[in-house]
Amino acid sequence: ATHAIDFIDGCDDKGRLKRDRSGLIVLLKWRFTAAPPLAIVSTHLAKDPDDRSQTAVRVRQVTQIMEALTEFTTQHGAAEAPVVLCGDLNAKHFGEIRGIARTVWQMTGSQLHKFLWCAADVPTGPTSITKARQCRIDAVQYLPGQMEVVEVKAVPRLPAGEVIPSKEHPSDHFPVCVKFRMKDSYQTQRELGRAWLECVAGHEKVHPLTQSDLRHAFDFFDRDKSGCIHRADLEEACIDLQCGYFSSDIQQMMLDCFPESRITYTNFIKAYEVRLNHERIRSIGELECAFQYFSGGCRTIPLCQLEEAFRDITPISFTNDEVKQMIGKMGLANGTDEVDLHSFCEVVCRASFPHRDRRRFSKVQIPEEAQENMARTQSKDLRVRLEYVQQRSRSYLGSPAWPSTPNLSPHRQNRVHEEEDEASDSIITSPEHAKSTPCIIHHSPSGRVVLPVQTVE
């Protein structure tokens with residue numbers, strides 16, 4: 001299957017659409033195996049990498065590629081297919097383009113193809129060496145979660161003062177040649193499981209996971225396919241992952257953060273959500289580049305300037321009202337008229353969870369406002385408990401241990417059951433029940449630690 005894209009870069013002074021560049025998406029099937037198909041994207045973005053005014057045009061083109069890739073792969077049942085993008089991107093900083101495009105689509109709240117979040121560049125030297133410039137503008141990008149680089153052919157090195165095209169190199173671009181190996185399904189599932197564990201209780205930065213990624217990660221931990229992750233499941237998975245720092249007592253401490261010391265799929269998702277933030281995301285540097293682009297190198301961005309920048313980079317199909325809605329989704333406090341780097345990265349990362357599949361957790365009908373308040377409180381407490389698990393696992397790596405007692409809100413520490421555990425599996429069904437949340441007590445050399453049991457099911 002194939003799909004051609006004619007980029008729409010705006011309108012001329014007569015209102016006619018400007019179409020200057022194009023892209024092509026091809027879905028390839030393997031000849032001798034039933035492995036998922038491979039999606040190849042080829043493109044040529046707006047010219048002149050030294051012209052900063054063209055950055056907005058290139059961002060528009062990338063957002064159109066991602067929109068087309070999402071629709072095309074979904075239409076052909078290949079949403080999980082590995083993707084390779086190759087072409088002349090005419091940009092000196094590919095991460096800046098991706099970061100700005102991510103900002104646009106995150107703020108729309110639309111589904112995103114994970115390529116925009118998780119793509120990696122094949123490392124090469126300069127691919128364009130002329131009298132005007134010497135830089136890398138040609139690229140091959142791929143999804144490292146599904147593919148691994150086996151070999152990269154070296155880009156030719158020219159003597160000082162020599163440029164291309166020349167007699168030996170007739171093109172004004174050097175080719176980028178790379179050989180990939182596809183990862184098998186279990187290897188991919190294993191890496192997704194590691195990404196979830198690192199996000200929830202580990203130390204490394206991670207790429208955001210999609211709904212499908214989280215499903216595969218859960219299946220990796222659910223070794224007996226019972227629909228829940230029990231102690232034996234977690235222990236076996238950690239051995240498989242070779243997580244030496246995630247010892248048996250840390251594993252039990254993590255399980256004790258959940259009802260009945262087991263993790264359902266709903267709570268698996270919830271744990272991921274409460275622990276994922278802009279400081280844990282591996283590709284956050286691209287959002288920082290986007291902020292520098294919007295702010296012009298300043299420390300803050302006036303909202304009026306940010307809104308104007310959004311108008312320049314969003315696809316032409318976006319209306320003024322939709323741009324205003326995007327700015328509104330930043331959720332800034334009333335009276336705020338500027339955004340700094342920290343707030344920018346935080347609000348963009350939380351603007352849209354592509355995996356989110358919300359369900360109400362209560363078993364009886366209670367007012368919607370009370371449900372939202374309970375959900376916020378429960379999410380905060382689960383986040384605190386998982387942060388404590390991360391702190392304890394960090395001490396096994398020789399890093400300084402954090403304070404032994406999590407900073408839980410006082411109204412969540414009002415009852416400690418040391419001898420009675422009959423209420424340990426109770427379910428919150430009304431705001432009144434939240435006042436008597438049962439707790440688990442951990443004894444350690446550093447003192448007794450009180451952790452309330454997660455009571456959402």
Side-chain angles (χ1 to χ4, degrees), residues 1-5 23-43 62-87 98 101-102 105 110-122 139-152 176-199 206-223 225 237 240-241 265 268-269 272 282-283 353-357:
T2 63
H3 178 69
I5 313 166
L24 179 66
I25 306 176
V26 179
L27 194 62
L28 303 176
K29 289 185 177 181
W30 300 99
R31 182 175 297 179
F32 302 114
T33 179
L38 175 66
I40 305 291
V41 182
S42 178
T43 190
V62 168
T63 56
Q64 291 174 73
I65 290 175
M66 290 299 103
E67 185 177 25
L69 177 63
T70 302
E71 294 178 356
F72 177 74
T73 54
T74 301
Q75 177 184 355
H76 292 280
E80 297 185 39
V83 178
V84 175
L85 182 147
C86 47
R98 283 201 302 261
R102 278 171 49 192
W105 286 105
S110 304
Q111 289 284 344
L112 295 172
H113 195 286
K114 62 182 178 181
F115 189 87
L116 196 56
W117 282 98
C118 304
D121 290 325
V122 174
V140 174
Q141 301 180 350
Y142 67 103
L143 288 175
Q146 296 171 287
M147 313 169 69
E148 58 184 340
V149 175
V150 176
E151 179 184 359
V152 180
V176 177
C177 182
V178 57
K179 182 185 293 184
F180 293 102
R181 178 187 294 120
M182 308 305 297
K183 296 181 179 179
D184 60 53
S185 58
Y186 185 75
Q187 185 179 5
T188 299
Q189 187 183 62
R190 188 172 180 268
E191 292 185 3
L192 293 174
R194 178 184 293 278
W196 179 88
L197 189 62
E198 284 292 344
C199 179
V206 296
H207 287 304
L209 303 179
T210 65
Q211 178 74 41
S212 177
D213 290 340
L214 287 168
R215 181 76 253 184
H216 289 312
F218 181 82
D219 290 341
F220 172 79
F221 286 100
D222 183 16
R223 315 295 273 197
K225 307 307 175 189
D240 194 347
L241 294 174
Y265 181 64
F268 187 86
I269 298 291
Y272 177 78
R282 181 176 296 174
S283 48
F353 280 93
H355 63 270
R356 182 163 292 170
D357 185 14

message = Testing the basics here: between I5 and A68, what is the closest heavy-atom pair and its distance to 0.1 Å?
response = CD1-CB, 3.7 Å

request  = To the nearest 0.5 angstrom, please state how far the CG atom of L116 sits from the OG1 atom of T63.
outcome  = 9.0 Å

CD-CZ distance between Q189 and R194, expressed to the nearest 0.5 angstrom = 14.0 Å

query = Is R215 close enough and on-axis enough to Y265, meaning under 6.0 Å and within 45°, for cation-pi?
reply = yes

ask   = Can you tell if the side chain of Y142 reaches within under 4.5 Å of the side chain of V83, non-hydrogen atoms only?
value = no

message = Do P82 and M182 have side chains that approach each other closer than 4.5 Å (heavy atoms only, starting at C-beta)?
response = yes

query = Can a donor-acceptor pair be found between the side chains of E80 and H216 at a distance below 3.5 Å?
reply = yes

query = Between D240 and R223, is any pair of side-chain heavy atoms under 4.5 Å apart?
reply = yes

For F221 against A237, the heavy-atom pair lying closest together = CD2-CB, 3.4 Å

query = Which is it for Q141 and R98 under the side chain to side chain contact (heavy atoms under 4.5 Å, CB included) test, yes or no, and what are the steps along the way?
reply = CA-CA 11 Å; Q141 301 180 350; R98 283 201 302 261; 3.1 Å; yes

task = State, yes or no, whether a side-chain contact exists between V140 and L85 at a heavy-atom distance under 4.5 Å.
result = no

Whether H76 side chain and A78 backbone form a donor-acceptor pair below 3.5 Å = no

query = Which heavy-atom pair separates V206 from A195 by the least distance, and what is that distance?
reply = CG1-O, 3.7 Å

ask   = In Å, rounded to the nearest 0.5 Å, how long is the span from CG of L24 to OG1 of T2?
value = 6.5 Å

message = Ring-plane angle category for F218 and F268, please: parallel below 30°, perpendicular beyond 60°, tilted otherwise.
response = perpendicular

request  = For the residue pair L192 and L209, establish whether any side-chain heavy-atom pair is separated by less than 4.5 Å.
outcome  = yes

N/O donor-acceptor pair under 3.5 Å between K183 side chain and P144 backbone = yes

query = Do side-chain atoms of W30 reach the backbone of P37 as a donor and acceptor pair under 3.5 angstrom?
reply = no

message = Can you confirm whether W117 sits close enough to R102 that some side-chain heavy atom of one is under 4.5 Å from a side-chain heavy atom of the other?
response = yes

inquiry  = Are the side chains of Q211 and D213 in contact, using a 4.5 Å heavy-atom criterion?
reply    = no

request  = Output the distance between atom CH2 (W196) and atom CD1 (I269), rounded to the nearest 0.5 Å.
outcome  = 9.5 Å

query = How long is the gap from CD1 on I65 to CZ on F115, to the nearest 0.5 Å?
reply = 9.0 Å

query = Going by heavy atoms in the side chains, are K114 and L143 under 4.5 Å from each other?
reply = yes

Side-chain H-bond candidate by donor/acceptor type, Q146 with T188, under 3.5 Å = no

ask   = Could you go step by step and tell me if L28 and I40 meet the side chain to side chain contact (heavy atoms under 4.5 Å, CB included) rule?
value = CA-CA 8 Å; L28 303 176; I40 305 291; 4.0 Å; yes

task = Apply salt bridge (Lys or Arg N to Asp or Glu O under 4.0 Å) to the pair R190 and D184, showing each step before the final yes or no.
result = CA-CA 10 Å; R190 188 172 180 268; D184 60 53; over 6 Å; no

message = Tell me whether K225 at atom NZ has more than 12 heavy atoms from other residues, nucleotides or ligands lying less than 6.0 Å away.
response = yes

inquiry  = Distance check, rounded to the nearest 0.5 Å: L38 atom CG versus F180 atom CZ?
reply    = 9.0 Å

query = For M147, does its backbone N or O pair with a side-chain atom of R181 as donor and acceptor, under 3.5 Å?
reply = no

